[in-house]
Amino acid sequence: MIRISEIFGPTIQGEGVLIGLPTVFVRSGGCDYRCSWCDSLHAVDSAFRDTWTPMTAEAILSRIEELSGGRPLTVSLSGGNPAIQPFGPLIAAGQDKGYRFALETQGSISQPWFVRLDTLVLSPKPPSSGQVTDWDAFARCLLPGPETVMKIVIFDDADYDFARDAAARFPQLPLYLQPGNPVVDETAAVDQNSLVDRMLWLIDKTVADGWFNPRILPQLHVILWGNKRGV
Ligand code: SF4
């Protein structure tokens, strides 16, 4: 059984390498991290455990097919940390029907079924999260098979330095930088101006440093829908 927080879509992927791509999101419940700015606490905090539903791979795939009208598309596995759930059978069954699977994780736990993924987004958490990255565990997530990229949220100079260090450790991984959103309450209005300011700061900083490898992207869904869930 897989612990599911929510399944919704199709909508667009709002960030990173698949930005703009229509997708169904499958969000699992539970995470081994507690980031200070986590925007998915409903899928992290055990206080929400009652809202998580144990589902079989067959039941999840059936819901994905229902939402997509049976037309294969990319399925985004997220959380929480989806790496702590047994997603292998879902990926295999979905791919047999033409669906593609992307998974985003902080890279703290590797799973053998990562090799079946089409896209693996590793998102190590910078100092502003309050978490500490185990780089050996992160390296164990690098398996042959999926297109693997790295995405890092940036709030401040320390986060930027962390991203530079991560890029030096894993130069083979395409890197996406994303200005952080400090407003995580889904009922609160997002300060779009401060997001734009942080994005401009980040662009200026990378350009001034002559650091031309990363792509710098906003969270498109936050621009369009704020922190609203399920879109
Ligand atoms: Fe939230 Fe992701 Fe951090 Fe887990 S790793 S606490 S889901 S931001």
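Both counts, for ligands and for their atoms, begin at 1 and track the order of listing. Model, not experiment: these values are computed from the prediction.
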Peer 1: Indicate yes or no: does R140 engage D136 in a salt bridge with an N to O separation below 4.0 Å.
Peer 2: no
Peer 1: Looking at Q106, which atoms of ligand 1 are within less than 4.0 Å of one of its heavy atoms?
Peer 2: 5 (S)
Peer 1: Return yes when V44 approaches ligand 1 closer than 4.0 angstrom through a heavy atom, no otherwise.
Peer 2: yes
Peer 1: As a test of understanding, state which of I19, V121, V17 forms a side-chain contact (heavy atoms from CB on, under 4.5 Å) with Y176.
Peer 2: V17
Peer 1: I want to confirm something. Looking only at heavy atoms, which of C35, G30, A43 is nearest to atom 3 (Fe) of ligand 1?
Peer 2: C35
Peer 1: Answer with yes or no whether G80 contacts ligand 1, where contact means a heavy atom under 4.0 Å from a ligand atom.
Peer 2: yes
Peer 1: Strictly distance-based, threshold 3.5 Å: is any side-chain N or O of R3 a donor or acceptor partner for the main-chain N or O of P54?
Peer 2: no
Peer 1: Above 12 or not: heavy atoms from other molecules or residues under 6.0 Å from CZ of R164?
Peer 2: yes
Peer 1: Would you say D118 and T74 make side-chain contact, with heavy atoms under 4.5 Å?
Peer 2: no
Peer 1: What part of K125, side chain from CB on, backbone N/CA/C/O, both or neither, has a heavy atom under 4.0 Å from ligand 1?
Peer 2: side chain
Peer 1: May I ask you to check if any N/O/S atom from C31 comes under 2.8 Å of atom 1 (Fe) of ligand 1?
Peer 2: no
Peer 1: What protein heavy atom sits nearest atom 1 (Fe) of ligand 1, and how far off is it?
Peer 2: C38 SG, 2.3 Å
Peer 1: Within the 4.5 Å heavy-atom criterion, are L73 and Y99 side-chain neighbours or not?
Peer 2: yes
